[in-house]
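Quick one: this structure, given as structure tokens, is what I'll be asking you about.
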Amino acid sequence: MDEHFVWMTTRRIKPGTLTDFERAWRPGTHPEGMLRAYAYWSGDEQQIIGVSFWASEESCEAWRASADEARRRAAIAPCVVDEQEAFYRGRELVVPAR
């Protein structure tokens with residue numbers, strides 16, 4: 001089974017800021033080593049979960065230490081109330097066909 005490298009963030013944002021947050025959240029350049037990225041938000045649009053898949057832990061760490069990522073984080077900061085982040089390794093679970 002293939003091993004996956006995943007970075008997840010959970011952010012609570014200020015009411016009414018989802019559009020501004022999304023505009024600022026998208027990186028200006030596609031990070032080297034990022035394979036896929038998803039964003040999910042709650043019905044009240046005040047909690048955002050970001051899930052990104054990476055080629056390696058090193059490629060994720062390189063992006064997180066980059067000037068582009070620092071600018072992106074500064075741009076979303078006015079919308080963010082709090083956040084949690086973590087890096088995970090794992091494998092896909094096979095779901096049987098129905």
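We're numbering straight along the sequence, starting at 1.
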To the nearest 0.5 Å, tell me how far Phe5 CZ sits from Glu58 CD. 7.5 Å
Same cluster or not: are Leu35 and Tyr88 linked, directly or through other Ile, Leu, Val, Met, Phe, Trp or Tyr residues, by side-chain heavy atoms under 4.5 angstrom apart? yes
Heavy atoms, side chains only, cut-off 4.5 Å: are Glu92 and Asp2 in contact? no
pair Trp63-Trp7: side-chain heavy atoms closer than 4.5 Å: no
Roughly how far apart are Arg72 CZ and Arg26 CZ, rounded to 0.5 Å?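 Answer rounded to 0.5 Å: 11.0 Å.
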side-chain contact (heavy atoms from CB on, under 4.5 Å) for Arg11 and Glu85? Distances and angles first, verdict last. CA-CA 9 Å; Arg11 293 181 175 95; Glu85 304 176 314; 3.6 Å; yes
At what distance, to the nearest 0.5 angstrom, does SG of Cys60 lie from CH2 of Trp54? 5.0 Å
Distance from Ile48 atom CD1 to Glu83 atom CD, nearest 0.5 Å?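 Rounded to the nearest 0.5 Å, the CD1-CD separation comes to 12.0 Å.
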Treating Ile, Leu, Val, Met, Phe, Trp and Tyr as nodes and any side-chain heavy-atom pair under 4.5 angstrom as an edge, say whether Phe53 and Phe87 lie in one connected cluster. no
Please report the shortest heavy-atom distance between Arg89 and Glu57, naming the atom on each side.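 Looks like NH1-OE1, 4.1 Å.
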So side-chain hydrogen bond (donor to acceptor under 3.5 Å, both in side chains) across residues 31-42, not counting sequence neighbours, yields Ser42-Asp44
Between CD1 on residue Ile76 and CZ on residue Arg23, distance to nearest 0.5 Å: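 One finds 14.0 Å between CD1 of Ile76 and CZ of Arg23.
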Gly50 to Trp25 - nearest heavy-atom pair and separation: CA-CZ2, 4.5 Å
Using a 3.5 Å distance criterion without hydrogens, assess whether the side chain of Thr17 forms a donor-acceptor pair with backbone atoms of Asp20. no
When every non-hydrogen atom of Met34 is compared with those of Ser52, the smallest separation belongs to CE-CB, 3.9 Å
